[in-house]
Each structure stands twice: as C-alpha cells, then as structure tokens.
Trainee: 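Okay, here's the structure, questions in a sec.
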2 protein chains.
Amino acid sequence: MRLNQTFVSDATGTRDRILDAAERLFAEQGFYITTLREITHAASVNLAAVNYHFGSKQALVIAVFRRRLDELNTERLTRLDQAFAKQTPPVLEDVLDAFVYPALALMGDGHAGGHRFMQLLMRAYADPDEALHGAIREEYGYIMRRFADALIEAASSEHDAKPSWPADQIRQQLDFLVGALTYTMADAKLKHPRATASALVRFAAAGIRGVSQTKYATDFKEELS
Amino acid sequence: MRLNQTFVSDATGTRDRILDAAERLFAEQGFYITTLREITHAASVNLAAVNYHFGSKQALVIAVFRRRLDELNTERLTRLDQAFAKQTPPVLEDVLDAFVYPALALMGDGHAGGHRFMQLLMRAYADPDEALHGAIREEYGYIMRRFADALIEAASSEHDAKPSWPADQIRQQLDFLVGALTYTMADAKLKHPRATASALVRFAAAGIRGVSQTKYATDFKEELS
DNA sequence: GTCTATACAATGATAGAC
DNA sequence: GTCTATCATTGTATAGAC
C-alpha cells in the first residue's frame, strides 16, 4: 500500500502536501472556518484532490489528527517504559510525567504551535462528529489502558498492606487528568507551560494518593442516577 | 427594555422561540452543523428574524450560551453562600461541592440534556471564535475570583501556622478542576454522574491539600519557557 | 419596531473529460 | 490521477410590508 508516488511527480506527493497545509490551517483557524479552497491553494493542488485522496473534509480532519496523535502517544509510551526501567513498580510521579510531558513537548518553544494542537484536541473531544470521536477513542484506547495499569501498580506499591487499588477509580482519575491537561494546555494565555505541567503532575499525584485516605465523604443525595 | 411582546402576537415572542429552538439544536448537533434555516423552521419564524434580533449566527450562539451560563453560575454562588453560612471559613469540600454540583444538576435525570450542555461548554472553550471566548470569560471571571478566594480561605484555615495559601497556585488548581469537570461531564457514556462528581470533589480536595506537603518535586529541565 | 420575501456570494461535494 | 464545470446549500444583506 501507499505507493502513490510517481517518478515524474513533484518533490512531495499531493497527499502529503494537503496534510501539511491542512494541519497548519486547522491549527490557526479551526476546522470549520478553514475552507477546502484555502487548503488546496496553500498546498498548490486542485480543489477536487482533497475529495479524491481523503473522501471528504471530515476524513481529512481525521487523517491530520491521527498523524500527530500517533506521535504524541508514541512518545508517552517511550517515557512510560523509561519509568519502569528506572524502578518497578514505578514511582507515581514518573508515570504521570510520562503522560503529561509529551503534551508539553509539542509546545515548540515560543512557536506556540502546542497550544493550538491542544485546542485542536479539545475541539475533537467536543465535536459532535461521531466518526472523529471514534478515531480518537481508537487511538487513545491502548494508551489509557497502559497508563491506568501503570498507575495502579505505582499507587498500590505505596500501600504495603492493601492488596490492590480500585481499578475503576484509577481510570476515573486518569480521566480527570486528561481533562485538566487538555483544558489547561489549550489556554492561549498560558504563561509558563512547563511550570503548569509540573504543578499538574503534583496535583494529580496528591489527588490519587489522598482519595483513599480521605475520611470526609461528599455524598450527594442519591448515588446512582 | 424587553417589551417586545405584542398583544396579538403568538404565545411566546419570536426572539424567545428562536433562542429555545437554537439551544436544542445546538445541543443536539453542534454549532456549525446546525443551520439558521433549521432553527427558524423549528421555531416557526422567518429566516431573516435571526439576523434582525441577534445580528448574526455568532451572536445567536453567544446569546444562547449566556442564558444557561447565568443560571449555572447563580446556583453556584447560592451554594457558596450556604457553605459560608454553615461554617466560616468554609470546609474545603463544601466549596468544591458548590462549584461542581450545579453542573451536575443540569443533567436532568435521564433527559440527558446535561451532558449536551457540558459538551456545548467544551465546544465553546475549544472554539477559535474570540468573541465567544470573550463572552465566556466575562461570564466566568467573577465566579472564578469568588471561588478562588473561598478556596484560599478554606485551605489556609486548615494549616494553623502557615500565614496564607499561594493565590496563584489555587487559581491554577481551580483551572484543573474546571478542565476535569467539563471533560468528564461532557462524556456521553458517563454512567453515574453523581458518583463521578463526588469522586471529583474528593480528588480535587486531596490534590489541593496534598500539593503543599509534597516533598517529591517533578522538575522539568527548565522552569520558564 | 417587527417581520417577511428575496437575492447574493461563498461553501463542500460530485460528475465526467482528459 | 488530475482538472474543469456545475450543483445544492450555507450565512448574510436588503427592500419593503404590516
């Protein structure tokens, strides 16, 4: 597959040029405002080429997304492995670092491209498009399982007596972290991304450690809806 | 102001009918997919009525938003006052409850309208539209200040000796909470909203309490970007 | 002041020639 | 694989009726 590169064609293929242009424009302006004509003009290709290569604008969005998300999550897994190599079971903060830091690394030092990608990610979460949702979930499913397992190991090892950490609770707390990370990093006015990421790791670690020890229970009237 | 109700007109005014229809359709489908023709058809008004009453589709989005957000934040302030009435300085969990619970209350028991409003809120955060951003910030600014102050009071009172809680840190942690709340509640597959909200309050309380005591410091290479 | 009918430029998408 | 031509639909603007 993917042999659609002709010998007499341009330096880079049409498909890749579309992806690059779309990524930049989506980041700058958002999905809907950006028109296919803008993209194809910036990529110096014909308007119909988008529909030929990707099928629709929606599919192009997903393709752009998948590429970056792959990169982000690969980096996360690498760092997770390093955390385990350093110590097994790993330190809780190291696991959280492995999840948070790569998102930060996308913030290309002053280029401010990172904020925009986080905004894109947030847009994808909030988007009513189910196909886009599905693609994200698919891309994230494995990562979330790996990190949830790692967090359970790390947290459980701190409590000598306790047999195991409630898995559902950890998964829920990982969701809290994803929300906090995405929301905070998407903020265009964020001043010190590194300090913020560091604070988030400490906050999440304290939250995970503290919940099991908390005596105070905030019970809403009914527990199940 | 707002006396645009004629005696021979329909039961409800044109303006309100547009708002109601737009709110429902935006929630179901999102901002961009929903057309003005859909809205005006559902509201049984003329297409041009939208531009007459609101000026643009963008302005309509903001108007729909402001109405619900007002309601949400008023309820939050009421509960915050109750927390202070019960005990001053208030209990940390009570303050967090006052912020989290009203978002939950929007989830009209089975009607599932709450998830959708939270999705709408997330969409608004992620939207590249600066006018919408500005309207949200304006609506939220006062609330965030009030809750940040309350959290500082609550947290500081727990540490007898320590003079005051770092204000910037609390504000940052409040942002973490907003992100986690919005992301989690927007999830369409959320099973037990009440239990989740309760867990979030405990998580955030532990996070806030724990950070100051944490010895482990996750320092990224450089602290300032 | 409110509302309606209508027109307009720009959009995503598609068919068919090359 | 690529391009030109064309389509229905979109948000918006305007002129004029009540």
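Chain identifiers are assigned alphabetically (A, B, ...) following the order of the sequence lines, protein sequences preceding nucleic acid strands; residue numbering begins at 1 within each chain. Everything numeric in this text was worked out from a predicted model, so none of it was measured.
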Trainee: Produce a footprint string for nucleotides 7-12 of chain C: one letter per nucleotide, 5' end first; B if the base is under 4.0 Å from any protein heavy atom, S if only the sugar-phosphate is, - if neither.
Mentor: ----BB

Trainee: Taking only residues two or more places apart in sequence, or in another chain, which ones meet A:Phe54 in a ring pair (Phe, Tyr, Trp, His ring centres under 6.0 Å)?
Mentor: none

Trainee: Not counting sequence neighbours, list each pair that qualifies as a salt bridge (Lys or Arg N to Asp or Glu O under 4.0 Å) and has a residue in residues 167-187 of chain A.
Mentor: A:Asp168-A:Arg171, A:Asp187-B:Arg137

Trainee: For A:Asp70, give me all partners under salt bridge (charged side-chain N to carboxylate O under 4.0 Å, His left out), at least two apart in sequence or on another chain.
Mentor: none

Trainee: So, is A:His53 close to the D:dT2 phosphate, meaning a side-chain N or O under 4.0 Å from OP1 or OP2?
Mentor: yes

Trainee: Can you check the B:Arg17 CZ to C:dC3 C1' distance for me, whole Å?
Mentor: 12 Å

Trainee: Does anything in residues 25-42 of chain B form a salt bridge (Lys or Arg N to Asp or Glu O under 4.0 Å)? List the pairs, not counting sequence neighbours.
Mentor: B:Arg24-B:Glu28

Trainee: In whole angstroms, how far is the P atom of C:dA13 from the CD1 atom of A:Ile39?
Mentor: 11 Å

Trainee: Would you tabulate the nitrogen or oxygen pairs shorter than 3.5 Å linking the protein to nucleotides 15-18 of chain C?
Mentor:
none

Trainee: Any salt bridge linking B:Arg67 with B:Asp20? Criterion: basic side-chain nitrogen under 4.0 Å from a carboxylate oxygen.
Mentor: yes

Trainee: With sequence neighbours excluded, tell me which residues meet ring pair (Phe, Tyr, Trp, His ring centres under 6.0 Å) with A:Tyr32.
Mentor: B:Tyr32

Trainee: Which pairs with one or both residues in residues 122-147 of chain B pass ring pair (Phe, Tyr, Trp, His ring centres under 6.0 Å), sequence neighbours excluded?
Mentor: A:Tyr183-B:Tyr125, B:Phe99-B:Phe147

Trainee: Tell me the interatomic distance from A:Arg15, atom CZ, to D:dT2, atom P, rounded to whole angstroms.
Mentor: 12 Å

Trainee: Partners of A:Ala83 by side chain to side chain contact (heavy atoms under 4.5 Å, CB included), sequence neighbours excluded?
Mentor: A:Pro90, A:Asp94

Trainee: Would you tell me if any nitrogen or oxygen in the side chain of B:Tyr52 comes within less than 4.0 Å of OP1 or OP2 on C:dT2?
Mentor: yes

Trainee: Does D:dG1 have its OP1 or OP2 closer than 4.0 Å to a side-chain nitrogen or oxygen of A:Thr14?
Mentor: no

Trainee: May I have the distance from B:Asp16 (atom CG) to C:dC3 (atom P), rounded to whole angstrom?
Mentor: 11 Å

